[in-house]
Amino acid sequence: MSLFAQYRDVVLMAVASRVDAGELPPGLPLERISVEPPRDPAHGDIATNAAMVLAGAAKMAPRALAERLIGDLATASGVSAASIAGPGFINLRLKPEIWRAEVSAILRAGIAYGASAIGGGEPVNVEYVSANPTGPMHVGHGRGAVVGDALASLLEKAGYRVTREYYVNDAGAQVAALARSLYARYLVAVGARPDGHFATLLAEGAVAYGGDYLIEAAQALAARDGSQWVDAAEDAWLPALRDFAVERMMALIEADLAAVGIRFDVTASERALVAGGGVDEAVALLAERGLLYTGVLEPPKGKLPDDWEPRPQTLFRATQFGDEVDRPLRKSDGSWTYFAADLAYHLDKFRRGFRTMIDVWGADHGGYVKRMQAGVNALTGGAGALDVKLCQLVTLLDGGEPVRMSKRAGTFVTLREVVDRVGRDVFRFIMLTRKNDAPLEFDFQTVTEQSKDNPVFYVQYAHARCCSVMRHAEATLGAAAATDAALAAAPLDRLADPAELDLIRAMAGWPRVIEAAAEAHEPHRIAFFLQELAALFHLLWTRGKEDTELRFLNPDDEALTLARLALVRATAIVIASGLNVIGVNPVEELR
RNA sequence: GCGCCCGUAGCUCAGCCGGACAGAGCAACUGCCUUCUAAGCAGUAGGUCGCAGGUUCGAGUCCUGCCGGGCGCGCCA
């Protein structure tokens, strides 16, 4: 339990004892009480809004209510002072040994420090990337991949049972178009058409996917199947080529993702879902609940599609669940819309035991959120909840100049190109330096330079400095004295400098960051926490440069040295713990 | 036209499901290297939190309207 959770209990006990004593009425809204670090550290170590949030129900002035509570709080274990401030805040000052004990706790917990049980083992499904299997990943996909993966790790750290999932859209028109593009490449590969044939088709718009990656795929297809498809009818070759292409593209995508250290527990296929009758089942369920009807939609406002014509179709009553219009489930050719299949897919997730589902999408899918949430709401009878994290665009720059698009990939700069250039750790960290709904600028020059302009480096450098100190310590004191177990028993009361206590307080906040970020589904908070923690460590380091008394290694005072080594080691552990959640390897040396 | 997201210091952005004088980095100016990696640190300066109302003891945070930017708007996914 985090320190703040512990003191929340202390506050609750103080309230309960005043209720027992008849000084406060029963039935107060205790859930509104928060216990957190005050924004201004000068106010104390721990602040609670208890008096203010209970004032209404207790029919008392906040400060008067605070007076009732403060006696119990001032004498609570570990509290050195309690005061009432401002509109009715109660500020607690903790004895320094409470903070110091946190250093031992970190050393004993190791990289697991910060783990929480608030998830209570509840299953959560995080679906991310889910790019069409039509080509290599581009950087935009990479952002969603990192956000989803870090969010999944974050939730695991907070005690949820997480499934990482990829939904393969292998049933729609996109993959048919992919198969046609592959066929055109194939005809060239087996020599049935001249070299320029593909370029001509592409220019005419007869094929959709012009990326070079289909050349290799076509050669592989030719090697496997020879020229058997050359004179075949489309009906004959399309299914075979589609399967071949999807399999090939998924291998490509999985390799790209592996380069960023991302893997999935479950890969769900849209085609398998449709073939297995999942869509019929979901649609039947909606029909059963009276949520389907046949109707004609108004034409969309704004840009009207060229071939718009009103026609009756099967509609889902999404408007009953907060959507703007009712949504079609069938295309004019009788097949299911993507939305229908996605409904079935989310119903499937729910039936697999996930009441909480999180989808990470690109911002261009923003218009799709309400209908999907409406669908989940309808299909689960309100028991399932879908949260959608929309990732805004990534703009690639090089020294402030926009990066030109790559021909090889078709249109976009590939994820692989970027990761090969900057490394997976840099890529992952930078992708979390903005909240997901803000656009992100990714400048090759900035993210690879070694200065404090580069947040990845800045955090890594703090960790490397910690490791450097430990290496020096081991050289003089011996490895046995510098183990985590040995340091946990160091005389921590020697840590008395305000800058040292500031660092400890920040580290003690790590469990809170995990819990708050997990509840908000916001992995970027970890990156910001790490930057703050690194800053505090760099500050302390430089103080030691200026004032020999504050140096970590003090040859004349071994007890003091051990206490400070405990602090340094704890810092390294918390940084590593944070980097671990976002999937970045902490480095031990930067040379 | 409608929906979603965004609007915080000159620039890039935080701001923890309303809380105590609004934070950081960059850029600018001033300092700190015989000492654990100066690839760092400290200080100074800089903001009507887009605008106008509303709810509240209390609003950058919630509600309404407007302004500005991005994304999207049957038979694509």
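Numbered from 1 within each chain, the chains take letters A, B, ... in sequence-line order.
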Next on the checklist: Students often mix this up, so state it plainly: with edges at 30° and 60°, are the rings of His538(A) and Tyr461(A) parallel, tilted or perpendicular?
Outcome noted: tilted

Next on the checklist: Once you apply a heavy-atom cut-off of 4.0 Å, does Pro439(A) come out as touching a base, just sugar-phosphate, or nothing?
Outcome noted: sugar-phosphate

Checklist entry - Which residue, Tyr167(A) or Met52(A), contacts RNA chain B at a nucleotide closer to its 5' end, judged by nearest heavy atom? => result Met52(A)

Item to check | Phosphate OP1/OP2 of rA77(B): any Lys331(A) side-chain N/O under 4.0 Å | outcome: yes

Next on the checklist: Just to verify, which of Ile526(A), Asp425(A), Leu154(A) counts as forming a side chain to side chain contact (heavy atoms under 4.5 Å, CB included) with Ile582(A)?
Outcome noted: Ile526(A)

Next on the checklist: Please report the distance separating the P of rC16(B) from the corresponding atom of rU8(B), rounded so that it comes out in whole Å.
Outcome noted: 16 Å

Next on the checklist: Distance check needed: rG72(B) C1' versus Glu324(A) CD, whole Å only.
Outcome noted: 11 Å

Checklist entry - Is rC33(B) in the syn or the anti form, by the rule that syn lies within 90° of 0? => result syn

Next on the checklist: Using 30° and 60° as the class boundaries, would you call the ring planes of Tyr167(A) and Tyr338(A) parallel, tilted or perpendicular?
Outcome noted: tilted

Checklist entry - Regarding Tyr293(A) and Asp326(A), is there a side-chain donor-to-acceptor distance under 3.5 Å anywhere? => result yes

Item to check | Phosphate-side-chain proximity, Lys435(A) and rC13(B), N/O vs OP1/OP2 below 4.0 Å | outcome: no

Next on the checklist: Check this one for me: any side-chain N or O of Tyr345(A) less than 4.0 Å away from OP1 or OP2 of rA77(B)?
Outcome noted: no

Next on the checklist: Are rA14(B) and Phe528(A) stacked, with the base six-membered ring and the side-chain ring centres under 5.5 Å apart and planes under 30°?
Outcome noted: no

Checklist entry - For His43(A) and rA20(B), are the ring centres under 5.5 Å apart with planes inclined under 30°? => result yes

Next on the checklist: Classify Asp323(A) by what it touches in the nucleic acid, base, sugar-phosphate, or nothing, heavy-atom distance under 4.0 Å.
Outcome noted: nothing

Checklist entry - Given rC16(B), rU37(B), rC75(B), which nucleotide is nearest the side-chain atoms of Arg465(A)? => result rU37(B)

Checklist entry - Rounded to the Å, how far apart are His365(A) NE2 and rC4(B) P? => result 19 Å

